[in-house]
Amino acid sequence: MVGAKSLVVPELPETETIARDLDRELVGHRIVGVRVTRPDVLREVRAAELVRRLTGAIIGRSWRRAKLVVIDLSTGDRLVVQPRFTGALLIDAGSMPEEERRYSTLALDLDDGRSVHYRDIRRLGTVALMSADRFEKATTALGVEPLDPAFTGEHLSVLLRGRRRAIKKVLMDQRIVAGIGNIYANEALWRAGIDPSREAGNVTAGEGLALREAIVSVLTESIALRGTSFRDYRDASGARGGFVEHLAVYGHAGDPCPHCGARLIGTHAIDGRMTVLCARCQK
DNA sequence: AGGGGAACCCGTACGC
DNA sequence: TGCGTACGGGTTCCCC
């Protein structure tokens with residue numbers, strides 16, 4: 001399976017899974033201690049200020065915006081985690097394995113003895129603490145949530161209209177649609193039968209409907225299986241996602257197309273990222 | 001508006 | 001076996 005070695009990074013379904021896990025586990029618990037061991041993951045605040053503003057706060061809702069995990073706090077602050085490639089939020093009830101612990105960058109100690117670790121192997125992910133106002137400003141440029149009812153086929157067509165860039169690039173542009181990365185862009189375009197290199201503005205209204213349907217279905221199905229893991233993605237309990245076995249094209253260059261049997265093509269020519277497509281099914 | 005390039009970071013793969 | 005090096009990947013930011 002060509003591409004199996006490539007890194008799979010948290011996109012919308014993976015951050016949604018993390019946020020749901022945390023929401024179920026953490027609401028109402030007080031943060032009694034904060035340990036920052038790798039301050040280079042921090043944004044917006046220094047370690048000392050993070051400790052000061054988090055200690056004593058009660059954890060509210062955990063939720064997702066785009067590929068961000070957002071943890072609301074009783075103080076009005078929001079802890080905003082962007083896992084990027086190898087970040088995970090892991091709840092440690094005393095049994096977190098050493099191979100995870102060694103990559104912990106910061107830990108929140110809770111009032112019941114558990115801890116929440118932000119573990120990040122390569123540390124390109126980020127953790128920021130923001131006021132609600134600051135969060136609104138920082139995320140105002142993000143595009144529509146693809147699982148929001150407002151994201152209809154018609155709305156997608158409006159978003160694509162007049163754009164000269166490749167449809168795959170536009171889908172992955174967080175300012176236009178928020179949360180879609182390389183895996184799900186590839187999968188959705190295959191499901192919709194659209195060549196990823198097509199000029200976005202030339203996607204017809206009918207294709208727009210099919211593409212919206214493909215995006216929503218692939219994201220929804222992946223969330224139901226707790227996301228896609230190849231290597232480093234983990235949910236809050238340290239488990240892998242199950243959607244990897246349902247990927248039709250991503251990681252399958254050279255394999256037969258699940259629909260027509262033609263050999264799937266892998267290319268970096270469109271956006272410098274691995275694109276996998278079926279030249280027979282995708283026009 | 002949008003394209004290109006650099007920076008961020010380190011495990012992994014690969015060459016010798 | 002061990003050492004050195006190239007690579008990848010989302011986002012931001014800077015420049016054109």
Side-chain angles (χ1 to χ4, degrees), chain A residues 1-16 18 36-44 46 64-70 80-89 97-106 118-128 130 134-135 137-143 146 158-188 196-202 219 227-234 240 244 247 250-251 253 266-276:
Chain A
M1 189 170 75
V2 178
K5 291 172 204 154
S6 50
L7 207 55
V8 170
V9 317
E11 301 181 31
L12 187 154
E14 293 73 36
T15 43
E16 178 71 25
I18 295 168
V36 181
T37 46
R38 292 288 198 168
D40 60 354
V41 301
L42 297 180
R43 297 294 184 276
E44 310 263 334
R46 294 175 189 275
R64 177 194 61 75
R65 172 75 168 112
K67 304 175 191 174
L68 306 171
V69 178
V70 184
V80 181
V81 178
Q82 188 167 55
R84 297 272 178 98
F85 311 104
T86 56
L89 284 156
E98 165 57 23
E99 62 264 29
E100 302 281 21
R101 187 174 302 277
R102 62 190 296 213
Y103 296 112
S104 176
T105 69
L106 66 89
Y118 178 61
R119 87 92 164 92
D120 193 338
I121 299 162
R122 298 191 191 177
R123 295 205 312 283
L124 282 171
T126 60
V127 177
M130 304 182 192
R134 171 67 194 133
F135 178 83
K137 285 193 180 69
T139 57
T140 187
L142 288 172
V158 170
L159 292 174
L160 301 182
R161 192 170 299 158
R163 297 193 191 268
R164 311 289 307 271
R165 283 190 294 164
I167 179 66
K168 181 176 179 236
K169 287 190 183 188
V170 172
L171 288 186
M172 291 173 62
D173 186 333
Q174 302 301 300
R175 297 167 300 182
I176 300 171
V177 184
I180 299 175
N182 198 35
I183 306 171
Y184 297 108
N186 275 294
E187 293 295 314
S197 66
R198 286 259 304 278
E199 194 173 298
N202 289 346
L219 294 175
T228 300
S229 294
F230 273 8
R231 235 167 47 200
D232 297 317
Y233 163 69
R234 297 291 185 275
R240 293 163 171 270
V244 63
L247 296 174
Y250 190 84
T267 175
H268 284 86
I270 297 172
D271 55 3
R273 312 288 313 284
M274 173 56 78
T275 299
V276 186

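Note on naming: letters A, B, ... go to the chains in the order of the sequence lines (proteins, then strands), and numbering restarts at 1 for each one. All values derive from a computational prediction rather than experimental measurement.
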Q: Specify the separation, in whole Å, of atom CG of Asp40(A) and atom P of dC8(B).
A: 11 Å
Q. Is there a side-chain contact between Arg163(A) and Glu199(A), using heavy atoms and a 4.5 Å cut-off?
A. no
Q. Do the side chains of Val80(A) and Glu44(A) get nearer than 4.5 Å, heavy atoms only?
A. no
Q) For Arg163(A) and dG2(B), is the shortest distance between a side-chain N/O and OP1 or OP2 below 4.0 Å? A) yes
Q: Look at all strands and tell whether Arg164(A) reaches a base, only sugar-phosphate, or nothing, counting heavy atoms closer than 4.0 Å.
A: nothing
Q) Taking NZ, NE, NH1 and NH2 as the nitrogens, is one of them in Lys67(A) or Glu11(A) under 4.0 Å from a carboxylate oxygen of the other? A) no
Q. Within a radius of less than 6.0 Å around CZ of Arg43(A), do more than 12 heavy atoms belonging to other residues, nucleotides or ligands occur?
A. yes
Q. With a cut-off of 6.0 Å (strictly less than), are more than 12 heavy atoms of other residues, nucleotides or ligands near CZ of Arg101(A)?
A. yes
Q: Provide, to the nearest angstrom, the distance between the CD1 atom belonging to Ile270(A) and the C1' atom belonging to dG9(C).
A: 17 Å
Q) Whole-Å distance between dG8(C) C1' and Asp271(A) CG? A) 14 Å
Q) Do you know the tightest heavy-atom contact between Leu12(A) and Ala178(A)? A) CD1-O, 3.9 Å
Q | Distance, rounded to the nearest Å, where Glu11(A) contributes CD and dG9(C) contributes P | A | 12 Å
Q.
Looking at every non-hydrogen atom in both residues, tell me the closest pair between Tyr118(A) and Thr126(A) and how far apart they are.
A. OH-N, 4.0 Å
Q) Looking across every strand, which nucleic acid part, if any, lies under 4.0 Å from Ile121(A) by heavy atom: base, sugar-phosphate, or nothing? A) sugar-phosphate
Q | SB check Asp120(A) Arg38(A) (cutoff 4.0 Å) | A | no
Q: For Asp120(A), report the nucleic acid contact type (base, sugar-phosphate, nothing); a contact means any heavy atom under 4.0 Å.
A: nothing
Q) Which nucleotide, dC8(B), dG11(B), dG3(B), lies nearest any side-chain atom of Lys169(A)? A) dG3(B)
Taking only nitrogen or oxygen atoms into account, show me every contact under 3.5 Å that the protein makes with nucleotides 11-16 of chain C, one pair per line with its distance.
residue : atom : partner  : partner atom : Å
dT11(C) : OP1  : Lys67(A) : NZ           : 3.4
dT11(C) : OP2  : Lys67(A) : NZ           : 3.3

Q. How bent is the helix from dG2(B)-dC16(C) to dC16(B)-dG2(C), comparing axes over its five end pairs at each side, to the nearest 10°?
A. 40°
Q: Grab the two heavy atoms, one from Leu159(A) and one from Val177(A), that are nearest each other, plus how far apart they are.
A: CD1-CG2, 4.3 Å
Q: Taking only the side-chain nitrogens and oxygens of Tyr103(A), find out if one of them lies under 4.0 Å from OP1 or OP2 of dG11(B).
A: yes
Q. Rounded to whole angstroms, how far apart are CG on Leu124(A) and C1' on dG8(C)?
A. 10 Å
Q. For Arg123(A) and dC8(B), what is the distance between atoms CZ and C1' respectively, to the nearest whole Å?
A. 10 Å
Q. Atom CZ of Arg122(A) to atom P of dA6(C): distance rounded to whole Å?
A. 17 Å
Q: Measure the distance from NE2 on His268(A) to P on dC7(C) and round it to the nearest whole Å.
A: 12 Å
